[in-house]
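Only one structure is covered here, and it is reproduced in the block below.
Chain naming here is simple, since letters A, B, ... match the order of the sequence lines and numbering starts at 1 in each.
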Protein chains: 2
Amino acid sequence: MQKPKPPSKMFLDIVGELKSIIKEEGIITGGKLPSERELAERLQAGRSTIREALRSLELLGLIETRRGEGTFLADFKKHQLVEVLAAFIMQQPDSISDVQKTRRIHEKAAIVSVCKDSALHTLPVWESLLAKIELDGEILREDVIREMIVATGNRLSLKIWFLLKQYSKVPFDKMTGVSEKDIVKSLLENLHQGTEEKTLEAYSEWIELVEGERGEKEE
Amino acid sequence: MQKPKPPSKMFLDIVGELKSIIKEEGIITGGKLPSERELAERLQAGRSTIREALRSLELLGLIETRRGEGTFLADFKKHQLVEVLAAFIMQQPDSISDVQKTRRIHEKAAIVSVCKDSALHTLPVWESLLAKIELDGEILREDVIREMIVATGNRLSLKIWFLLKQYSKVPFDKMTGVSEKDIVKSLLENLHQGTEEKTLEAYSEWIELVEGERGEKEE
DNA sequence: AGATAGAGGTGGTCTGACCACTTATACTCA
DNA sequence: TGAGTATAAGTGGTCAGACCACCTCTATCT
């Protein structure tokens with residue numbers, strides 16, 4: 001019962017193989033991958049198939065290709081996929097809400113984590129943010145959240161959050177009215193004090209405000 | 001100063017073109033896209049180039065291809081990109097502890113979510129699990145957690161958790177002693193009652209037990 | 001009418017061939 | 001000798017054609 005070609009998705013196998021090669025050869029960020037022709041021979045596949053796998057990874061922003069030079073393991077900063085996804089996906093309400101919920105899971109967890117650790121909630125960064133709001137208000141919504149997750153030291157959570165943030169085209173730009181500033185100020189003050197309950201309260205208020213803000217013009 | 005081929009990323013243009021075609025032709029979820037050969041002719045490109053763009057979109061879970069039938073616009077429920085991203089993100093072993101922490105973030109969030117919704121914590125599945133433990137005890141640790149996340153209905157969180165579970169080589173096998181069974185029983189009972197505090201308490205106990213179990217032989 | 005064999009369309013893959021570009025090498029000439 | 005320049009090799013980018021395996025529909029045969 002030998003099946004020469006059981007499923008169809010061979011290029012997915014290639015993606016897996018590539019992962020192995022990267023791991024085995026210890027290719028680091030910015031390092032060079034074997035050439036397409038070499039990969040084709042090594043993996044017993046045509047160059048087209050190799051390329052299909054590579055293009056996928058490129059769109060994900062995982063690799064970077066430079067003509068005449070080669071293929072390189074990229075840093076997760078370009079995230080080209082976000083644009084494409086945003087363009088394609090924004091019609092699926094189910095998924096969108098999942099993305100938002102999941103994002104908030106990470107945000108709330110960060111708040112709790114910071115509040116529970118006195119070494120974290122006494123960080124000077126909160127006062128610094130507070131001061132900026134008081135002065136010119138030139139501060140982005142995502143800055144506040146990001147700093148909280150950064151403070152937890154969980155880089156994986158930060159990465160996931162970063163991805164989710166970009167998916168959910170939430171208005172992560174500058175803060176709008178006075179009421180929002182007050183809420184964020186309350187959030188930061190309570191965070192600084194480590195009063196978990198009130199911080200989460202302020203966070204919930206904030207979420208409702210931002211969500212309501214965009215809910216009026218859409219749908 | 002005419003540049004016949006200014007950039008290199010032609011397949012990215014194809015991705016954009018595809019978006020336009022989908023929009024203009026009003027192709028809905030599950031609908032059929034033009035064949036590769038037709039697209040090649042229409043977009044003045046080789047079939048290989050078309051395929052590279054299509055494979056990218058397939059990896060993102062945006063389209064679905066079926067041999068002998070055609071290419072179809074998929075719904076955004078697969079989240080295939082998560083697997084690939086995770087596989088590569090994990091490549092950089094930030095630290096196992098990050099993975100564990102993040103996994104627990106999702107688990108705790110699920111507990112809270114279930115407890116806060118009476119329609120969720122009154123689900124019969126909790127009693128069912130409880131009964132199984134009482135009888136033969138042939139129940140996996142991950143079953144309990146998984147059911148909780150499933151109950152929340154957040155499929156993205158479930159997917160992420162599943163990935164994290166695989167990476168954090170935690171003993172997710174059968175439960176060990178009597179004490180563990182008691183803890184899980186307490187967890188399920190409180191979950192069923194919707195008593196958030198006590199459920200989280202039981203969860204923390206559980207975590208400590210399991211962590212301590214493996215902490216003796218490692219590090 | 002039903003079952004069957006065929007043709008056509010589709011994605012999956014491979015091969016070979018160019019092109020454009022980068023890099024490294026070897027060569028030439030002052 | 002040294003600097004500059006031609007050349008070659010290697011790389012990704014693209015295309016064309018050819019098979020294969022699979023699905024569907026149709027026309028034919030019983």
Side-chain angles (χ1 to χ4, degrees), chain A residues 1-18 21-22 25 27 30-74 78 80 84, chain B residues 1-18 21-22 25 27 30-74 78 80 84:
Chain A
M1 203 50 149
Q2 52 191 8
K3 286 189 174 184
K5 314 204 172 179
S8 49
K9 299 153 190 169
M10 181 172 187
F11 90 99
L12 277 182
D13 297 340
I14 302 291
V15 171
E17 299 274 7
L18 285 175
I21 286 181
I22 290 174
E25 311 217 344
I27 300 173
K32 190 170 177 301
L33 273 67
S35 76
E36 297 178 352
R37 291 167 177 86
E38 183 184 338
L39 287 172
E41 193 174 356
R42 241 211 267 184
L43 302 181
Q44 289 279 295
R47 200 182 145 208
S48 319
T49 309
I50 300 293
R51 280 183 63 81
E52 290 184 9
L54 289 176
R55 287 299 77 70
S56 304
L57 296 181
E58 183 176 3
L59 192 70
L60 287 179
L62 296 177
I63 61 173
E64 186 181 352
T65 56
R66 294 197 284 272
R67 176 190 298 198
E69 298 182 54
T71 307
F72 305 85
L73 190 56
K78 310 293 174 63
Q80 208 149 23
V84 183
Chain B
M1 202 50 150
Q2 52 190 10
K3 286 190 175 183
K5 314 207 172 180
S8 47
K9 296 149 190 169
M10 182 172 185
F11 90 100
L12 276 181
D13 297 340
I14 303 291
V15 170
E17 299 275 6
L18 285 174
I21 287 181
I22 290 174
E25 310 215 347
I27 299 174
K32 190 172 178 298
L33 272 68
S35 76
E36 296 178 351
R37 290 168 177 85
E38 183 184 338
L39 286 172
E41 194 174 355
R42 240 210 267 184
L43 302 182
Q44 289 280 296
R47 200 182 148 209
S48 317
T49 309
I50 299 292
R51 280 184 61 82
E52 289 184 10
L54 289 176
R55 288 298 76 71
S56 303
L57 296 181
E58 183 176 2
L59 191 71
L60 290 180
L62 296 177
I63 62 173
E64 186 181 351
T65 56
R66 294 196 284 272
R67 175 188 297 197
E69 297 181 55
T71 307
F72 304 86
L73 190 57
K78 307 295 173 65
Q80 193 159 30
V84 182

Margin query: Taking the basic N atoms (NZ, or NE/NH1/NH2) and the acidic carboxylate oxygens, is any pair closer than 4.0 Å for B/Arg66 and B/Glu64?
Written below: yes

Notebook entry, point to check: Does the side chain of A/Thr71 get closer than 4.0 angstrom to OP1 or OP2 of D/dT11 through an N or O atom?
Noted result: no

Check: In Å, rounded to the nearest 0.5 Å, how long is the span from CG of B/Leu59 to CD of A/Glu58?
Finding: 12.5 Å

Check: Can you tell me if CD on A/Glu25 sees more than 12 non-hydrogen neighbours from other groups inside 6.0 Å?
Finding: yes

Checklist line | Separation of A/Thr49 OG1 from B/Arg55 CZ (nearest 0.5 Å) | finding: 10.5 Å

Notebook entry, point to check: Would you say A/Arg55 reaches D/dG13's phosphate, i.e. side-chain N/O to OP1/OP2 under 4.0 Å?
Noted result: yes

Next item on the list: Please report, rounded to the nearest Å, how far the C1' atom of C/dC14 is from the CD1 atom of A/Ile14.
Entry: 13 Å

Margin query: Whole angstroms only, please: what is the CG-C1' distance between B/Asp13 and D/dG13?
Written below: 13 Å

Check: If we only count heavy atoms from C-beta on, is the A/Lys32 to A/Thr71 side-chain gap below 4.5 Å?
Finding: no

Item checked: Whole-Å distance separating the CD atom of A/Glu41 from the C1' atom of D/dG10 -> 15 Å

Note to self: Is there a side-chain contact between B/Leu43 and B/Ile21 in this structure, where contact means two heavy atoms from C-beta onward sitting under 4.5 Å apart?
What the structure shows: yes

Next item on the list: Rounded to the nearest angstrom, tell me the gap between atom CD1 in B/Ile63 and atom P in C/dG11.
Entry: 10 Å

Notebook entry, point to check: Does A/Thr65 put a side-chain nitrogen or oxygen below 4.0 Å from OP1 or OP2 of D/dG13?
Noted result: yes

Checklist line | Toward the 5' end of DNA chain C, by each residue's nearest nucleotide, A/Glu52 or A/Gly68 | finding: A/Glu52

Check: Which angle, to the nearest 10 degrees, lies between the helix axes at the two ends of the helix from C/dA1-D/dT30 to C/dA30-D/dT1, each defined by five pairs?
Finding: 30°

Notebook entry, point to check: Between atom CD in B/Glu36 and atom C1' in D/dC22, what is the gap in whole Å?
Noted result: 14 Å

Checklist line | Distance, rounded to the nearest Å, where B/Arg67 contributes CZ and D/dC22 contributes P | finding: 6 Å

Notebook entry, point to check: From A/Leu33 CG over to A/Leu18 CG, what is the distance, rounded to the nearest 0.5 angstrom?
Noted result: 7.0 Å

Margin query: How many whole angstroms separate atom CG of A/Leu43 from atom P of C/dT13?
Written below: 13 Å

Notebook entry, point to check: At under 4.0 Å between heavy atoms, what does A/Arg51 touch on the DNA or RNA strands: base, sugar-phosphate, or nothing?
Noted result: base

Notebook entry, point to check: Want to settle it: does B/Arg47 or A/Pro34 sit nearer the 5' end of DNA chain D, counting the closest nucleotide to each?
Noted result: A/Pro34

Next item on the list: Mind checking A/Ala40 for me? I need base, sugar-phosphate or nothing, with any heavy atom below 4.0 Å counting as a touch.
Entry: nothing

Check: Who passes side chain to side chain contact (heavy atoms under 4.5 Å, CB included) against B/Arg37, sequence neighbours left out?
Finding: B/Ser35, B/Arg47

Checklist line | A/Gln44 or A/Glu69, whichever maps to the more 5' nucleotide of DNA chain C | finding: A/Gln44

Check: Looking only at N and O atoms, is any donor in the side chain of B/Arg37 or the base of C/dG9 less than 3.5 Å from an acceptor on the other one?
Finding: no

Check: What is the distance, rounded to the nearest whole Å, between atom CG of A/Leu39 and atom C1' of D/dG10?
Finding: 14 Å

Next item on the list: Give B/Glu38 one of three labels, base, sugar-phosphate or nothing, depending on what nucleic acid heavy atoms sit under 4.0 Å from its own.
Entry: nothing

Notebook entry, point to check: Which is true for B/Gly46 with a 4.0 Å heavy-atom rule: it touches a base, it touches only sugar-phosphate, or it touches nothing?
Noted result: sugar-phosphate

Note to self: Any base atoms under 4.0 Å from A/Ser48, or only sugar-phosphate, or nothing? Heavy atoms, all strands.
What the structure shows: base

